[in-house]
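Notes follow the structure.
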Amino acid sequence: MTVEQTLWTIEKRLWLEGAEFYEAHLAADAVMVFPFPAGIRRGDAIIAGLADGPRWREVEMSDQNCRREGVTAVLSYRARAWRGKDDPPYEALCASTYLRDGDDWRLMVHQQTPA
């Protein structure tokens with residue numbers, strides 16, 4: 001699997017999986033910026049926030065771009081995600097910045113803008 005494929009796999013799983021996956025892939029000082037009311041979350045508040053809401057059932061990513069420079073990679077894309085079977089999709093423009101940590105990639109920053 002290429003580095004780019006690895007990053008996109010991690011990104012998708014962060015949408016769909018829970019706290020354990022996040023803990024394994026977040027940088028210690030990670031920051032996530034969500035639309036109101038969630039707002040800005042840092043470090044442990046990101047993990048705690050997972051307990052407050054349901055996970056996504058499905059996510060589609062389009063307009064995907066990956067830019068790498070040294071030990072840093074930035075993913076940008078359009079997300080379309082569903083929680084419940086009958087719920088309307090959530091659509092957002094997203095960007096995530098990853099830092100290479102040994103053999104692993106850690107999410108440092110994630111931002112969503114509703115589309």
Side-chain angles (χ1 to χ4, degrees):
M1 187 179 294
T2 68
V3 169
E4 187 171 335
Q5 289 169 326
T6 297
L7 290 167
W8 286 114
T9 298
I10 292 169
E11 188 74 9
K12 186 170 186 173
R13 290 182 68 187
L14 287 169
W15 278 83
L16 302 173
E17 298 195 27
E20 187 174 307
F21 190 80
Y22 269 78
E23 288 176 328
H25 293 88
L26 284 182
D29 54 353
V31 175
M32 299 184 96
V33 182
F34 297 108
F36 183 81
I40 300 171
R41 298 199 177 177
R42 294 175 183 88
D44 292 339
I46 296 168
I47 304 300
L50 292 172
D52 294 339
R55 301 304 308 139
W56 297 101
R57 175 179 55 85
E58 182 181 347
V59 64
E60 294 174 354
M61 297 176 182
S62 60
D63 300 326
Q64 294 172 280
N65 295 288
C66 179
R67 175 78 170 104
R68 286 185 57 206
E69 190 68 42
V71 296
T72 306
V74 176
L75 303 180
S76 60
Y77 59 99
R78 182 181 190 98
R80 189 169 194 211
W82 295 264
R83 289 199 193 275
K85 188 177 93 172
D86 297 322
D87 292 342
Y90 167 72
E91 296 189 51
L93 302 177
C94 303
S96 293
T97 302
Y98 287 84
L99 177 65
R100 185 150 193 129
D101 180 18
D103 291 334
D104 298 320
W105 287 92
R106 305 269 182 218
L107 179 66
M108 290 185 56
V109 178
H110 175 76
Q111 185 272 328
Q112 295 180 9
T113 302

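Note: hydrogens, waters and symmetry copies are ignored here, and every other heavy atom, side chains too, is used.
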(Q) To check you understand the geometry: which heavy-atom pair defines the closest contact between Q111 and T113, and what is its length? (A) NE2-OG1, 2.6 Å
Q. Minimum heavy-atom separation for R41 to G49, with atom names?
A. NH1-CA, 2.8 Å
**Q.** Distance, nearest 0.5 Å, that separates CZ of R100 from OG1 of T72
**A.** 11.5 Å
Q: Please report the shortest heavy-atom distance between W105 and V3, naming the atom on each side.
A: CZ2-CG1, 3.5 Å
Q) What pair of heavy atoms forms the shortest contact from W82 to P88, and how long is it? A) CD1-C, 4.3 Å
Q.
Under 4.5 Å side-chain heavy-atom separation, chaining through any Ile, Leu, Val, Met, Phe, Trp or Tyr, what else clusters with L99? Say none if it is isolated.
A. V71, M108, V109
Q. Does S96 have any side chain to side chain donor-acceptor pair (under 3.5 Å) partners at least two apart in sequence or in another chain, and if so, which?
A. E11, H110
Determine all donor-acceptor pairs shorter than 3.5 Å in which one atom belongs to a side chain in residues 13-34; sequence neighbours excluded.
| unit_1 | atom_1 | unit_2 | atom_2 | d |
| --- | --- | --- | --- | --- |
| R13 | NE | E17 | OE2 | 2.5 |
| R13 | NH2 | E17 | OE1 | 3.3 |
| R13 | NH2 | E17 | OE2 | 3.1 |
| W15 | NE1 | Y77 | OH | 2.8 |
| Y22 | OH | L14 | O | 2.8 |
| H25 | ND1 | F21 | O | 3.0 |

**Q.** For D44, all residues meeting salt bridge (Lys or Arg N to Asp or Glu O under 4.0 Å), sequence neighbours excluded
**A.** none
(Q) Once side-chain contact (heavy atoms from CB on, under 4.5 Å) is applied, do any residues pair with R83, and if so which ones, sequence neighbours excluded? (A) P54, W56, D87
Q | For the student: nearest non-hydrogen atoms of R57 and G84, plus distance | A | NH2-O, 3.3 Å
Q.
Quick check: closest heavy atoms across W8 and N65, and the distance to 0.1 Å?
A. CZ2-O, 3.3 Å
Q: Please round to the nearest 0.5 Å and tell me the distance separating atom CG of L50 and atom CD1 of I46.
A: 8.5 Å
Q | side chain to side chain donor-acceptor pair (under 3.5 Å) involving R42 - partner list, sequence neighbours excluded | A | none
Q) What's the spacing between T6 OG1 and D103 CG if we round to 0.5 Å? A) 11.0 Å
Q.
As a test of understanding, state which of E91, E60, M61, Q64 forms a side-chain contact (heavy atoms from CB on, under 4.5 Å) with R78.
A. E91
